[in-house]
Amino acid sequence: MTDTAPALDRLRAGAPPRNHDARTIAALTANPGCARRGLLDAAGVDKDAVARHLGFGTPFGQSQFAITRGNAFEAQVKADGCAELLALLRDRLGLDVGEVGYDDLDDEGGREFRHARTRKLLARALDDAQGTLFDHPLLRLDIGGTPAYLEPDVIAFQLAGRFHVVEIKSFAVVDGQAEPEQVAAAARQAAVYVLALRELVADLGHDPQRVSHEVFLVCPENFSNRPSATPLDVRPQLAVLRRQLDRLTRVDAILNGLPPDLSFALDDGLGAAVRTVEARYAPDCAAGCELAYFCRDEARACGATGALGRGVRDDLGGVDTVEAALDLARGAADPPAELAETAALLRTAARLRAEALGGAA
Amino acid sequence: MTDGLSEARATVHAMSPDVPAAAQQERVAALRAAVRRAVAAGDRTAARTLRAELRAAEGGERLRAERDRADVRAQAHRALELLGVPAGPKLVGAVHAAFFAAPIPAARLGVLRRAEERAFRKAPNARPFYVCAALTADLLTPARGLLAVSTWPLERRVVGPLSRRTDFLTAAVRVAEHAQHADAAQHLLRRFAAGIPGAAGGAVGTVDPADLIAAARAELDVHATADRRDRARAARRAAGLDAAERLFGSAHDRTGRPHGERR
């Protein structure tokens, strides 16, 4: 995929590429249909800077309180060589008492060195099953032709010759139930690590299936601070992620449809340049994309149905704007054959609304 | 126009120069604010008097900070000797709080190691002991977040893959032994018991030191031999480092590769 690299560099207009982390990679899978996001991410454009330049900057990021709470819980579980985690794994998974090896791969050295150390220790673990917990492994994943380093706060955990990813999250699991949105986000992130770990294992000449698709989510139990471990199957997330990464590497298809001199330099032409690439805005974009407010403004200005939510857009498949939908409902426009069904539904809805309002409208 | 002066005096009133740390810092802050107010009001006489007072208070504050550092060092040493193994700042602070009735703030311990290294490099072996680093067994670099005492043998100060667990268990035994006499530290015992299956028998919410010792010793038997072997091997390699590196770990060079790895 090196042939698109010069084109992508040009899009950045000389700025250094922005590094991915698991959060941004996981966010890629949230809206796979958005060409704008796909292209900007593949090129490593600083979306935050772009949004700020366009006047749609957002105080973006996780809440400081959430970060503090997360760090405190993680420190507690990992304290004293992961003592609490070991006790938990023995209790839930029957981990052998002899399995207590703990290697902290976080080191003051450079990224390349740390990655090399991760490789060395994992290679030894794969060869003769040495070691149990590997904290802070530094992994690498190919994103659109450029290697991205991932620095997960997770632990790779070896059980019976297979590696599992342990992800520590601070949202509570009450009565075996957690908030589905947070679990889904955790699963998406864990899938990124599983994929990166699999690439590493394959690279070391072992079967990538030795990295399990089952990850362990460690969360506070009920209303206490006691950790509990829940197995989580991330196969669906893995499939989405892989498809999305493939799509990223086929970003040349998007590039082909664009003017050859397009660039996202922070100057007067930026707004026009960003608008050249089609977006697919939905309200949930605000949770994961720096450009969300720009796209929302654009979507509202042209009355795109997506601005009303993904459900509305899907229900009105083929009808792109609110104006067109209203025309169909009023019967002002003659619907083409493929929209006949949608048009009939819209007319029924309009009639029901008129009846319900009893002529008040 | 002495209103500003008397008002400021009222704020810092009743704080003698021999007050505890927090109060003294407060006094310095209050004086600084008073000086600012006096200057803003254009009251030069008051500003001059207050400035002199501020200087005196700040001098006392500096002295106190130095004495504090020596205190933190002695406290950390005491807690580490009780534990007998390398430990993180949190555990060191908690042990001191439980047995010596004074917590050590973790932030103070964090900077202690670096201060000790500077002191050692300036005048090697000028002190009877240093609070130093534990070394990673494979790279001989300082292990993240672990404190140790310089007088300990190298085998105790290098940490291999199993050492975090054996040290944790050893620390549990030592703390529980002390708790038998002192009847203190239930909080600390619960913390250890949470990480050692089978340690929390008996009544709910309490930990019997004897149970904790038995459980920790039983698990320690499983790992002790392998851990001792790993550590002895790493200690032999670490003996080749220079005096400062032996205590504070070998540094990374510019490529991010630690010096210790080449040996």
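Quick note on labels: first sequence line is chain A, next is B, and so on, each numbered from 1.
Classification of A:Asp80 and B:Arg191 as a salt-bridged pair holds, one side-chain N sitting under 4.0 Å from a carboxylate O. Using a 4.0 Å cut-off between charged side-chain N and carboxylate O, A:Asp104 and B:Arg164 make no salt bridge.
Residue contact with chain B, scored on non-hydrogen atoms closer than 4.5 Å, is absent for A:Arg226.
Across B:Ala194 and A:Ala87, no two heavy atoms sit closer than the pair O-CB, 3.5 Å. Considering all non-hydrogen atoms of both residues, B:Lys90 and A:Ala75 come closest at NZ-CB, 4.1 Å.
Listed by sequence position, the residues of residues 192-201 of chain A in contact with chain B number zero, using a 4.5 angstrom heavy-atom cutoff.
The distance from atom CD of A:Glu99 to atom CZ of B:Arg165, rounded to the nearest 0.5 Å, is 12.5 Å. Annotation: the span from B:Asp138 atom CG to A:Arg117 atom CZ amounts to 4.0 Å, rounded to 0.5 Å. For the atom pair A:Asp103 CG and B:Thr136 OG1, the distance stands at 10.0 Å (nearest 0.5 Å). Atom NE2 of A:His136 and atom CZ of B:Arg144 lie 5.0 Å apart (nearest 0.5 Å).
Counting heavy atoms from C-beta outward, B:Leu139 and A:Phe113 have side chains that approach closer than 4.5 Å.
Within 6.0 Å of the CZ atom in B:Arg114, the count of heavy atoms belonging to other residues, nucleotides or ligands does not exceed 12.
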